[in-house]
Amino acid sequence: MIPVIDFVAPAPRTSLPPRSALRFARHAAAPAGGEKVRTQDGRELVLRAIEPGDVAAMQRCFTRLSPEEIRRRFLHAMSELPTPMAQQLCRIDTARETAFVLMDESVRPAEMRGVGRIYVDQATDTAEFSVLVEHAWSRIGLGALLMQRLVDDCRRRGLYELWGYVLQENRPMLQLCKELGFTQRAIPDEPGIMLITLKL
Ligand SMILES: CC(C)(COP(=O)(O)OP(=O)(O)OC[C@H]1O[C@@H](n2cnc3c(N)ncnc32)[C@H](O)[C@@H]1OP(=O)(O)O)[C@@H](O)C(=O)NCCC(=O)NCCS
């Protein structure tokens, strides 16, 4: 009997982006199946589009977040990520949304270490972003990588502006956005919240 060998083409490897404006160099769309990202400390993740089957991994990721990280991501406190909300976040309408995840496939089940997403407003040709990187994987360029891919996606969509709300206390995100060329301003009626924008 002839053995059947499943052949899976190796995913292309992606290095983390350089630490400068070069981070906004254009990239091709993420290939189906994702692309490997190797961190400077030798860990490996797969960057790919979010899938409906990511609900459980997303809920486990949520349980690893501190209350402060949750508040910074969702702009309010949340004690759990209810399943209907996780399902909604994973089953996206690609005409109006893009979401990339960074999956750690060195463990079983695979764990979600980061998520970046945009919601497109077709009326204004703009998109709102959000991004999250799990603490144990922070400060190695993954937040910048996700933001860079979202910017690329917005440009592919021909949008005019990418924007997001960031808490004024959220110095890491404000610093990240500043480094990536976003401008920031306070919102008069929303004390403690900054509006971050990038003209595309
Ligand atoms: C903000 C967040 C996404 C940053 O992710 P990250 O993967 O750690 O970011 P990076 O490693 O790509 O950092 C890129 C740059 O951001 C800035 N930065 C990131 N973390 C920082 C920190 N703790 N203090 C100061 N600057 C920081 C730095 O300029 C850094 O560049 P450098 O490492 O060359 O100095 C992550 O901390 C997070 O998920 N926080 C909770 C959720 C959140 O705040 N989301 C944003 C609102 S939508």
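For ligands, and for the atoms within them, numbers begin at 1 and follow the listed sequence.
- F129 pairs with exactly one of Y165, F182, W163, Y119 by the ring pair (Phe, Tyr, Trp, His ring centres under 6.0 Å) rule, that one being F182.
- Put simply, the side chain of R157 gets close to the backbone of A95: a donor and an acceptor are under 3.5 Å apart.
- Of the N or O atoms in W137, none lie within a sub-3.5 Å distance of an N or O in ligand 1.
- Ligand 1 has no nitrogen or oxygen under 3.5 angstrom from a nitrogen or oxygen of M173.
- In L146, neither the side chain nor the backbone holds a heavy atom less than 4.0 Å from any atom of ligand 1.
- Across all their heavy atoms, L167 and R72 have their closest contact at CD1-CA, 4.1 Å.
- Contact between C154 and L200 at its shortest, heavy atoms only, is CB-CD1, 3.5 Å.
- Here the shortest heavy-atom pairing between I196 and Q184 reads CD1-CB, 3.4 Å.
- In this view, D93 satisfies the side chain to side chain donor-acceptor pair (under 3.5 Å) rule with no residue, not counting sequence neighbours.
- Put simply, no part of R171 is less than 4.0 Å from ligand 1, judged by heavy atoms.
- Close N/O approach between E69 and ligand 1 is not found [any backbone or side-chain N/O within under 3.5 Å].
- Contacts between V133 and ligand 1, counted as non-hydrogen atom pairs separated by less than 4.0 Å, involve both the backbone and the side chain.
- Taking every heavy atom of both residues into account, C90 and I50 meet most closely at O-CG2, 3.6 Å.
- Closest heavy-atom approach to atom 11 (O) of ligand 1 among the candidates G164, S138, G141: G141.
- Which parts of ligand 1 touch A144 is read off a 4.0 Å heavy-atom cut-off, strictly below it: atoms 12 (O).
- Here is the list of ligand 1 atoms found below 4.0 Å of a heavy atom in S130: 48 (S).
- Relative to atom 22 (C) of ligand 1, the option among R139, Q175, E68 with the closest non-hydrogen atom is R139.
- Here is the list of ligand 1 atoms found below 4.0 Å of a heavy atom in R72: 43 (C), 44 (O), 47 (C).
- Near N170, the atoms of ligand 1 lying under 4.0 angstrom from a non-hydrogen atom of the residue are 43 (C), 44 (O), 46 (C).
- Looking at every heavy atom in both residues, L150 comes nearest to S130 through CD1-O, 4.1 Å.
- Polar contact with ligand 1: absent for F129 (N/O pair, distance under 3.5 Å).
- Across all their heavy atoms, P82 and M78 have their closest contact at CD-CE, 4.5 Å.
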